[in-house]
Amino acid sequence: MDDIPAPRTAQPLLVDFILSLDGCAAGEGWPGWWGLQSDEYLDWLAGEPDYVSLMGATTYRLMSEMGQQAEQIEISEEEKASFEEMAQLPKVVFSSTLQEPLAWPNTTLISTDAIEAVRELKQTSSLPLTTVGSIRLSHSLMKAGLVDRFRVILFPVITGRTGLERIWDRFEDFGLELTEARTFAGGLQLLEYAPTHLPEPPGTAWER
């Protein structure tokens, strides 16, 4: 009996968004990180573990193009370093339209069902998993109950009419159990939750 290997522990899956207070992932005319990344936040970011990054085709096209342009365009050194690091890490893109070979290094293309593929990846990956952007994919994984950690870094800005990619408009209802909270220098807020999909609001029919 001593020779029987212990069951493999499933890797956790993190959905991670960086947002303005009004739920936008970017703003027209705003710099990266809204120009508010503090040394404390960047040090914390550098200390995060390596992940396998999961994304859909739209995010892949955007991020791979940005990664290729990062050395030629005017962005911060921190942003350049972030793209360089991401190029070296394992990535998985779910798409039925992309074709191999893919331009971005260390990227695997999966054209089968994303939910089943991620379910298997949680059991076989040597690294934890995280989504990159990919709102529809992130929502689908949360709805399927595959997401262990749902994290939002809120930057203290309201982008209003300049806001791009309004995240929450594309989500169904979820209950969130707060598991971690932290404030970084400059007022950045980290909020991490365990999510539960709600098929309908929790009130009675009369209350709804």
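- Side-chain atoms of Ser134 come within 3.5 Å of backbone atoms of Val132 as a donor-acceptor pair (strictly under, hydrogens ignored).
- When every heavy atom of Val15 is checked against every heavy atom of Thr131, the shortest pair comes out as CA-OG1, 3.4 Å.
- Side chain of Thr130 to backbone of Leu14: a donor-acceptor contact under 3.5 angstrom is found.
- Hydrophobic clustering of Ile, Leu, Val, Met, Phe, Trp and Tyr side chains at less than 4.5 Å, counting indirect connections, unites Leu176 with Ile167.
- Taking hydrophobic clusters as Ile, Leu, Val, Met, Phe, Trp and Tyr residues chained together by side-chain heavy-atom distances below 4.5 Å, Ile158 does not share a cluster with Leu164.
- There is a side-chain donor-acceptor pair under 3.5 Å between Arg61 and Thr97.
- Environment of CD in Glu40: crowded, with over 12 heavy atoms of neighbouring residues, nucleotides or ligands closer than 6.0 Å.
- To the nearest 0.5 Å, the span separating CE on Met86 from CG on Asp50 amounts to 12.0 Å.
- Residues Met142 and His197 come closest through the heavy atom pair O-CB, 4.5 Å.
- Rounded to the nearest 0.5 angstrom, Thr9 OG1 and Gln11 CD are separated by 8.5 Å.
- Between the side chains of Trp34 and Ser20, no donor-acceptor pair is found at a separation under 3.5 Å.
- Counting heavy-atom neighbours within 6.0 Å of Arg182 CZ, excluding the residue itself, gives a total above 12.
- Between the Ser38 side chain and the Ala185 main chain, a donor and an acceptor come within less than 3.5 Å of each other.
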Item to check | Step-by-step side-chain contact (heavy atoms from CB on, under 4.5 Å) determination, Ile135 to Phe171 | outcome: CA-CA 8 Å; Ile135 301 169; Phe171 269 69; 3.7 Å; yes

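- Looking at Val157 and Leu21, their side chains never come closer than 4.5 Å, going by heavy atoms from C-beta outward.
- To the nearest 0.5 Å, atoms OH (Tyr41) and CD1 (Ile18) are separated by 3.5 Å.
- Side-chain contact between Lys91 and Met63: absent, with no pair of heavy atoms (C-beta onward) separated by less than 4.5 Å.
- Contact check for Leu121 versus Leu54: side-chain heavy atoms found under the 4.5 Å cut-off.
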Item to check | CA sep, side-chain torsions, deciding dist, call: Phe174, Phe150, side-chain contact (heavy atoms from CB on, under 4.5 Å) | outcome: CA-CA 11 Å; Phe174 288 85; Phe150 175 66; over 6 Å; no

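- In this structure a side-chain-to-backbone donor-acceptor pair under 3.5 Å is present from Asp22 to Gly160.
- Proximity of Glu172 to His139: side-chain heavy atoms (C-beta onward) are separated by under 4.5 Å at one or more points.
- Here Asp169 contributes atom CG and Cys24 contributes atom SG; the two are 8.5 Å apart, rounded to the nearest 0.5 Å.
- When atom types are taken as modelled, the side chain of Glu165 and the backbone of Ala25 share no donor-acceptor pair closer than 3.5 angstrom.
- There is a path of hydrophobic side-chain contacts, each under 4.5 Å, that joins Ile110 to Leu127.
- Between Ser95 and Ala57 the shortest heavy-atom distance is OG-CB, 3.5 Å.
- The shortest side-chain heavy-atom distance between Pro90 and Thr108 does not fall under the 4.5 Å cut-off.
- A side-chain donor-acceptor contact under 3.5 Å links Thr179 to the backbone of Glu192.
- Distance alone, capped at 3.5 Å, is enough to place a donor-acceptor pair between the Asp148 side chain and the Leu13 backbone.
- If you take CD on Gln88 and CG on Asn106, they are separated by 6.0 Å, rounding to the nearest 0.5 Å.
- Proximity of Leu188 to Trp33: side-chain heavy atoms (C-beta onward) are nowhere separated by under 4.5 Å.
- Using a 4.5 Å cut-off on side-chain heavy atoms (C-beta onward), Ser140 and Ile115 make contact.
- Between the side chain of Thr59 and the main chain of Gly56, no donor-acceptor pair closer than 3.5 Å is present.
- With hydrogens and angles ignored, the 3.5 Å screen pairs a side-chain donor or acceptor of Tyr60 with a backbone N or O of Trp104.
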Checklist entry - Step by step, would you call Trp168 with Arg166 a side-chain contact (heavy atoms from CB on, under 4.5 Å)? => result CA-CA 6 Å; Trp168 308 133; Arg166 299 185 183 277; over 6 Å; no

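- Note on Tyr51 and Leu129: separate hydrophobic clusters, where clusters join Ile, Leu, Val, Met, Phe, Trp and Tyr whose side-chain heavy atoms are under 4.5 Å apart, directly or indirectly.
- Of all the heavy atoms in Gly133 and Ser138, the pair that sits closest is O-OG, 3.2 Å.
- Within a 6.0 Å sphere centred on CD of Glu177, heavy atoms belonging to other residues, nucleotides or ligands number 12 at most.
- Between Leu109 and Leu102 the shortest heavy-atom distance is CB-CD1, 3.9 Å.
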Next on the checklist: Evaluate Trp30 against Phe155 for side-chain contact (heavy atoms from CB on, under 4.5 Å), listing each step before the verdict.
Outcome noted: CA-CA 12 Å; Trp30 288 82; Phe155 280 68; over 6 Å; no

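- Under the 4.5 Å side-chain heavy-atom criterion for Ile, Leu, Val, Met, Phe, Trp and Tyr, Leu89 and Val93 are members of distinct hydrophobic clusters.
- The CG atom of Asp16 sits 7.5 Å away from atom CD of Glu48, with the distance rounded to the nearest 0.5 Å.
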